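As a basis for the values below, the full set of heavy atoms in this structure was taken, side chains included, without hydrogen atoms, waters or symmetry mates. Throughout, protein chains are lettered first and strands after them, A, B, ... in sequence-line order, and every chain is numbered starting at 1. It should be emphasised that the depicted structure is a prediction, and the values quoted were computed from it without experimental measurement.
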Amino acid sequence: MARLDPEEYAELVLVCVEQVPRGRVTTYGAIAEAVGAVLGGGGPRQVGSVMSAYGGPVPWWRVVRADGSPPDCHDGEAHQHHLEEGTPLRPSGKVDLARALWRPTPDVVRGGRGDDRLG
DNA sequence: AATATGACTGTCT
DNA sequence: AAGACAGCCATAT
């Protein structure tokens, strides 16, 4: 069997992004670790790939690079959202990861799917 | 099987 | 701080 199911992987990645609190951000690597802890595989590239394909309906601007820079396909748009949400920004224009970084937990990933099992 | 590509990351210059 | 390079993981051809 395939180690990674694209649907499952995408699902969990999107869940992680949705769990990111307002005014906070997370990184591709952090999501890759949380999802990888559940499905056992994948990396930052896979997270980015999923975001490109299914990241439309989720707050993608809360997902930034390891250095706090916004994704390479957007820029001003992410900045606008950060200003609106009060995300800690550095003078350089990047996100202040020291204050804004939020790490997704595997527990959230495990229980964050569309089907709730015991309420 | 090999090559090319990607919303990445870390290191060196 | 910014650019060049290599490494990594999965998918598409």
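Screening residues 47-59 of chain A for salt bridge (Lys or Arg N to Asp or Glu O under 4.0 Å), with sequence neighbours left out, gives no hits.
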Give each protein N/O atom lying under 3.5 Å from an N/O atom of nucleotides 9-13 of chain B, with the pair distance.
from, atom 1, to, atom 2, distance (Å)
B/dT9, OP1, A/Gly29, N, 3.4
B/dT9, OP1, A/Ala66, N, 3.4
B/dT9, OP2, A/Ala66, N, 2.9

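To the nearest whole angstrom, the two C1' atoms, one in B/dA7 and one in C/dT13, are 22 Å apart.
You'll find the side chain of A/Leu89 reaches within 4.5 Å of the side chain of A/His79, heavy atoms only.
Look at NZ on A/Lys94: it is 7 Å from P on C/dA2, rounded to the nearest Å. As a whole-Å value, the separation of A/Tyr9 OH from C/dA10 P is 8 Å. Residue A/Glu33 contributes atom CD, which lies 13 Å from atom C1' of C/dC8 at whole-angstrom precision. Across the protein-nucleic acid pair, A/Tyr54 atom OH and B/dG6 atom C1' stand 15 Å apart, rounded to whole Å. Taking atom CG on A/Leu14 and atom C1' on B/dA7, their separation rounds to 13 Å, with Å as the unit.
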Mind listing the side-chain donor-acceptor pairs of residues 23-40 of chain A below 3.5 Å, one per line with the distance, residues two or more places apart or on another chain?
from, atom 1, to, atom 2, distance (Å)
A/Thr26, OG1, A/Trp102, O, 2.8
A/Thr27, OG1, A/Ala30, N, 3.1

Mind listing the side-chain donor-acceptor pairs of residues 44-61 of chain A below 3.5 Å, one per line with the distance, residues two or more places apart or on another chain?
from, atom 1, to, atom 2, distance (Å)
A/Trp61, NE1, A/Glu85, OE2, 3.0

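For A/Arg45 against B/dC8, a side-chain N or O and a base N or O form a donor-acceptor pair under 3.5 Å.
A donor atom on one side chain and an acceptor atom on the other are not found under 3.5 Å apart for A/Thr105 and A/Asp107.
Heavy-atom distances under 4.0 Å link DNA chain B to no residue of residues 80-90 of chain A.
A/Arg99 meets the salt bridge (Lys or Arg N to Asp or Glu O under 4.0 Å) test with A/Asp96; sequence neighbours excluded. Listed by chain and number, the residues in a side-chain hydrogen bond (donor to acceptor under 3.5 Å, both in side chains) with A/Ser92 amount to none (sequence neighbours excluded).
Atom NE2 of A/His81 sits in a crowded spot, with more than 12 heavy atoms from other residues, nucleotides or ligands closer than 6.0 Å.
You'll find that the side chain of A/Pro6 is closest to C/dT11, out of C/dA10, C/dT11, B/dA7.
Between the side chain of A/Arg62 and the main chain of A/Val20, a donor-acceptor pair closer than 3.5 Å is present.
Among the protein residues, A/Ser52 comes within range of the nucleic acid bases, having at least one heavy atom under 4.0 Å from a base atom.
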